[in-house]
Amino acid sequence: MLALVDCNSFYASCEQVFRPDLRGKPIVVLSNNDGCIVARNREVKALGIPGLEPYFKLEPLLKKHNVHVFSSNYELYADLSSRVMDVASSFSPDVEIYSIDELFLSLDGMKCDLNQYAKKIRKTIWRHVRVPVSVGVAPTKTLSKIANHTAKKYLGLKGVCILDNPKKWKSILKKIPISDVWGVGRRLTERLIECGVITASDLAQQSPESMRKLFNINIERTVRELNGEVCIPIEEEAEPRKQIFSTRTFGHRIYDLSELQQSISTYTTRACEKLRKQESLVNVATVFIQTSRFDDLRYLRSKIVRMPYATNDTGLIVNQLNRKVKDLFIKGLPYYKAGVGFIDLSNQYNQQMSLFDNHQPSRRTRLMEVVDSINSKKYGSIQLASNGINQDWKMRRLKRSPSYTTKWNEIPTIK
DNA sequence: TCTGGGGTCCTAGGACCC
DNA sequence: TCTGGGGTCCTAGGACCC
């Protein structure tokens with residue numbers, strides 16, 4: 001058996017941890033740049049306010065209902081997330097942290113009442129971190145997602161749902177629309193409904209082989225998982241990413257090549273940190289700049305860049321990419337977003353060397369290690385001048401709450 | 001004043017070469 | 001009148017997740 005522990009409207013719950021006065025009040029959290037609503041708590045959902053909609057469109061409605069609005073505060077969420085993960089991880093030797101707000105726990109070999117155990121997980125996390133979670137228990141990841149979804153939906157279940165035999169999950173699956181199944185998105189929903197597959201139960205009854213032929217191997221896995229057959233195992237060691245991206249929309253439209261290059265330099269720095277963390281080197285990268293799809297002048301161009309050798313050297317990569325930005329840049333356009341992606345990676349310790357190829361000088365490798373170790377103590381202590389000083393293009397976060405747990409001068413005080 | 005997320009993986013199709 | 005292969009690289013965009 002497998003437990004999926006998932007925080008309830010995580011970002012909104014984080015905003016309440018140090019603001020007990022907001023308990024029971026409606027709260028939304030906005031995406032980067034205060035663009036879209038990305039988290040709504042139960043009270044907001046009850047008002048019928050939709051998620052992933054532009055904030056400026058819903059602002060009047062939110063004001064009318066006295067909804068509390070927060071910019072995203074990733075410093076706070078990341079810190080509270082790691083506390084939730086620490087506490088939850090103490091309940092199983094085998095865990096997989098799946099995203100910032102959810103993790104899978106293997107309960108194999110546990111000789112205990114699953115319902116009692118799930119309740120204890122929930123209660124302990126609340127006591128230690130003051131973040132509410134729901135726990136879904138089932139034999140496969142896909143079913144535990146459904147169990148978790150059910151635990152959240154029916155208040156009477158008190159945040160816990162156990163689907164440990166076919167009889168239990170079969171009756172639940174009939175009530176779950178196909179679009180709520182993990183791995184089934186908007187497009188697949190349309191196509192499945194055309195085939196008469198409306199509920200999760202309908203999908204579970206399809207033959208896995210024919211689903212593979214009609215769609216792809218992932219749907220086959222979903223069908224099998226809905227029947228209790230494990231196809232997607234717990235991965236304790238995160239597989240290294242095959243691609244690494246860092247992209248952002250700007251705080252406002254920018255027109256200036258040097259500002260674009262500052263942003264590319266900053267995003268490349270971030271991508272390089274992810275790259276070194278997973279002990280990879282980049283062979284091929286891509287860089288893009290674009291205008292908004294809502295502006296009259298649509299422009300999106302990207303460029304593939306081959307590195308002279310497999311590298312994790314921020315300085316070298318920034319230099320290579322910023323040269324290409326110059327080629328992509330057209331004067332006079334209102335740029336809205338830019339980004340970099342490392343699309344061909346190899347392992348740092350498993351390089352196929354050639355007698356004549358260049359490779360990264362070892363002093364550069366050591367330099368990167370030193371930079372990372374300095375920045376691990378205080379992020380941003382040391383960075384390239386090419387990132388810019390003022391960074392006027394950076395995103396807006398006008399309604400950000402304090403970083404209560406990660407900045408000395410923002411620690412809450414008790415009067 | 002003006003506002004519209006970010007990340008990973010995958011694939012269709014065009015350009016180019018032989 | 002319309003057709004005629006195979007491989008690689010690159011770009012654009014889609015699908016899904018949170």
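Because the structure is a prediction, the values reported are computed rather than measured. Protein chains get the first letters and strands the later ones, always in sequence-line order, with residue 1 at the start of each. Every heavy atom of this structure was used, including side-chain atoms; hydrogens, water molecules and symmetry mates were not.
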A:Glu102 side chain: which of B:dG4, C:dC18, B:dC9 is closest? C:dC18
Answer with base, sugar-phosphate or nothing: what part of the nucleic acid does A:Lys303 contact at a heavy-atom distance below 4.0 Å? sugar-phosphate
Phosphate oxygens OP1/OP2 of B:dG7: is one of them under 4.0 Å from a side-chain N or O of A:Arg248? yes
Of the listed nucleotides B:dG4, B:dG6, C:dC18, the one nearest the side chain of A:Tyr98: C:dC18
Figure out the CZ/P separation between A:Phe250 and B:dC2, and round it to whole Å. 19 Å
First encountered from the 5' end of DNA chain B, between A:Pro240 and A:Asn33: A:Asn33
Base, sugar-phosphate, or nothing: which does A:Asp101 touch, judged by heavy atoms less than 4.0 Å apart? sugar-phosphate
Any donor-acceptor pair under 3.5 Å from A:His149 side chain to A:Val181 backbone: no
So which nucleotide from B:dG6, C:dG13, B:dG4 ends up closest to the side chain of A:Leu300? C:dG13
Residue A:Lys242, side-chain atoms from C-beta onward, closest of B:dC10, C:dC18, B:dG6: B:dC10
So if I apply the salt bridge (charged side-chain N to carboxylate O under 4.0 Å, His left out) rule between A:Asp372 and each of A:Lys377, A:Lys274, A:Arg276, which one comes out positive? A:Arg276
A:Phe104 six-ring face occupied by A:Lys141 cation (under 6.0 Å, within 45°): yes
Of all the nucleotides listed (C:dA15, B:dG4, B:dG6), which has the minimum atom distance to the side chain of A:Tyr336? B:dG4
Closest approach to the side chain of A:Phe56, judged atom by atom: which nucleotide of B:dT8, C:dT11, B:dT3 is it? B:dT3
Could you check which of B:dT3, B:dC10, B:dG5 has an atom nearest any side-chain atom of A:Ser31? B:dG5
From C:dC18, B:dG4, C:dC10, pick the nucleotide closest to the side chain of A:Arg306? C:dC10
Between A:Thr286 and C:dC10, does any side-chain N or O lie under 4.0 Å from OP1 or OP2? no
Can you confirm if the aromatic rings of A:Tyr117 and A:Phe91 lie within a centre distance of less than 6.0 Å? yes
Is there a Watson-Crick or G-U wobble partner for C:dC18 with both distances under 3.5 Å, and if so, which one is it? B:dG5
Students often get this wrong, so: under 4.0 angstrom with heavy atoms, is A:Phe10 touching a base, only sugar-phosphate, or nothing? nothing
Given C:dC18, C:dC16, B:dG4, which nucleotide is nearest the side-chain atoms of A:Lys145? C:dC18
Upstream residue (5' side of DNA chain B) when A:Arg253 and A:Arg241 are each assigned their closest nucleotide: A:Arg253
OP1, OP2 of C:dC16 versus side-chain N and O of A:Trp182: anything below 4.0 Å? no
Specify the separation, in whole Å, of atom OH of A:Tyr55 and atom P of B:dT3. 15 Å
Quick check on A:Asp296: does its CG atom have over 12 non-hydrogen neighbours (other residues, nucleotides or ligands) under 6.0 Å away? no
Select one nucleotide: of B:dC10, B:dG5, C:dT11, the one nearest the side-chain heavy atoms of A:Ser302. C:dT11
Indicate, with yes or no, if the rings of A:Phe294 and A:Tyr336 have centres closer together than 6.0 Å. no
